[in-house]
2 protein chains.
Amino acid sequence: MGVIERKEREKELRSESIIDAAERIFFSKGFEHATMNDVAEEAELSKGALYLYFHSKNELCMAILQRSLHILKEIFEILRDDKNLNGIEKFPKLAELFITFAKEHPNHYDSLLSYREHRENCPATGKIIKSTIEENQNINRIISDIIKMGQVDKTIKKYIDADKLSLSLWGNFTGIMPSSILSEKVIPNFNPEDIIKYHFQLLLNAIST
Amino acid sequence: MGVIERKEREKELRSESIIDAAERIFFSKGFEHATMNDVAEEAELSKGALYLYFHSKNELCMAILQRSLHILKEIFEILRDDKNLNGIEKFPKLAELFITFAKEHPNHYDSLLSYREHRENCPATGKIIKSTIEENQNINRIISDIIKMGQVDKTIKKYIDADKLSLSLWGNFTGIMPSSILSEKVIPNFNPEDIIKYHFQLLLNAIST
DNA sequence: GACAAAATATGACCGTCGGTCACTTGGTGA
DNA sequence: TCACCAAGTGACCGACGGTCATATTTTGTC
């Protein structure tokens, strides 16, 4: 009698379809201007029902953020598992793949940049917060693994601290691009893509054997 | 008869004292939980009067952000004008000074990280937005100048693109630290300070002659 | 199939907040 | 003294996040 299991699955599906709806609404109206009524209508549910699945508007946003991280994780995983590239070759690919992600999923990319505001308004105990942090750690681990692979195949200097570098690269991804927003159209020929690639080029020189 | 000038000055003072009050309120309660009534009370004004000086809550936040940028600009200016250090010696100092800034002005530092959300809800035409962008450009110019000074005194490789590097450094500052918030207490021994310093060390190797 | 219990869903309702505006206050210049 | 106008007030409005008493649907039992 798998009733409980089925209910569990259905609950999961509902939850996902609410996130689907929330993405459509938040991405089109922006977080501040989107309302929970909008989301409820889009999800074909009542507002009250939303709160059976998510504790707050901010938590719903965290769920979207988690998806964004998941997409990015899968992209990086493919790179990590690519047998045709050595470590140092994979390094600049990280930047390229991130830029591709930002272009192909602009809204999800955007959600990455505003996690702070939502995080601060969510209780740190929630399941969603936990799994979001986990996903973030996964990404850092993948980047770190790629660097370590380069150290094993001797294309990356062995004394490089892979964990630290992976964290600072992640910071790069989520820092350079958003700073571009403040500078956009003001600095002539400003192109966040170029900046990231240039930065990776410099680092490449510093870490390759 | 400098009445108009005096009124201008008084208006400026009022404006500053409102920002003072807003800082106390926003920094203690957080943006979302702070209300305009709180700010009005703290500023010893009516709510309506606030709106004579700032168009919205978000614009008030941008004014705080501008202050943050101003503080940081002045810190970097001192470094730039220091005659006792050559270009490459100033480079790691950038990281140290930024970390100092983040420690000594944690709330202002915090405001740097959430400019996105406020920016998006401000009309791009406002005077405050404009001068905020200007302050941001100033900082990038200072960083860029420091790099160029290193190229003049031949301690930094001459083919380094100072403008691009300055932008990516700025991205580093506003990227690595915030990502630490998501990772905090999860990654053992995680210390954003170390990460930034390590990153600068790597770059130092890449750019020094 | 009948029925009680439990799970799920509803939407009217509440308190709060950002922002407005008709009105008051007080300094200015004639 | 007084008309004028910038500066300031605070009651008020619409909208929104979140709640909860109630209704509907599903489940387990006989």
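All of these numbers come straight from a predicted model, not from anything done at the bench. All chains are named by letter (A, B, ...) in the order of the sequence lines, taking the proteins before the strands, and each is independently numbered beginning at 1.
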Looking at DNA chain C, which of residues 13-22 of chain A put a heavy atom within less than 4.0 Å of it? A/R14

Atom pair distance, as rounded to whole Å: CG in B/L50 and C1' in D/dG10: 12 Å

Would you say that more than 12 heavy atoms from the other residues, nucleotides or ligands in this model lie under 6.0 Å from the NZ of A/K93, or not? no

Return the value, rounded to whole Å, for the distance between atom OH of B/Y53 and atom C1' of D/dG8. 8 Å

Yes or no on salt bridge (charged side-chain N to carboxylate O under 4.0 Å, His left out) for B/E193 and B/K197, after CA distance, side-chain angles and deciding distance? CA-CA 6 Å; B/E193 248 189 88; B/K197 284 187 181 164; 3.6 Å; yes

N/O donor-acceptor pair under 3.5 Å between A/K90 side chain and A/R80 backbone: yes

What side-chain donor-acceptor pairs closer than 3.5 Å can you find for residues 41-56 of chain A, not counting sequence neighbours?
unit_1: A/E42; atom_1: OE2; unit_2: A/R24; atom_2: NE; d: 2.5
unit_1: A/E42; atom_1: OE2; unit_2: A/R24; atom_2: NH2; d: 3.2
unit_1: A/S46; atom_1: OG; unit_2: A/A49; atom_2: N; d: 3.3
unit_1: A/H55; atom_1: ND1; unit_2: A/E59; atom_2: OE1; d: 3.2
unit_1: A/H55; atom_1: ND1; unit_2: A/E59; atom_2: OE2; d: 3.1
unit_1: A/S56; atom_1: OG; unit_2: A/N58; atom_2: N; d: 3.4
unit_1: A/S56; atom_1: OG; unit_2: A/E59; atom_2: N; d: 3.1

Which whole-number value in Å describes the distance from A/L45 CG to C/dT8 P? 13 Å

Derivation and outcome, salt bridge (charged side-chain N to carboxylate O under 4.0 Å, His left out), residues B/R67 and B/D20: CA-CA 10 Å; B/R67 279 198 181 176; B/D20 287 339; 2.8 Å; yes

Over 60° means perpendicular and under 30° means parallel, so classify the ring planes of B/W170 and B/F173, tilted if in between. perpendicular

Can you measure B/L52 atom CG to D/dG10 atom P for me and round it to whole angstrom units? 14 Å

Between D/dG17 atom P and A/E59 atom CD, what is the distance in whole Å? 15 Å

A/D38 backbone acceptor or donor facing A/K29 side chain under 3.5 Å: no

Within the 4.0 Å limit for protein heavy atoms, which parts of nucleotides 11-26 of chain C are touched? Write it as a string from 5' to 3', B for base, S for sugar-phosphate only, - for none. B-----SBBBB-----

Closest approach of A/I128 and A/T132, non-hydrogen atoms and distance? O-OG1, 2.7 Å

NZ of A/K29 versus C1' of D/dC16: gap in Å, rounded? 12 Å

What is the nucleic acid contact for B/F54, judged by heavy atoms within less than 4.0 Å: base, sugar-phosphate only, or nothing? nothing

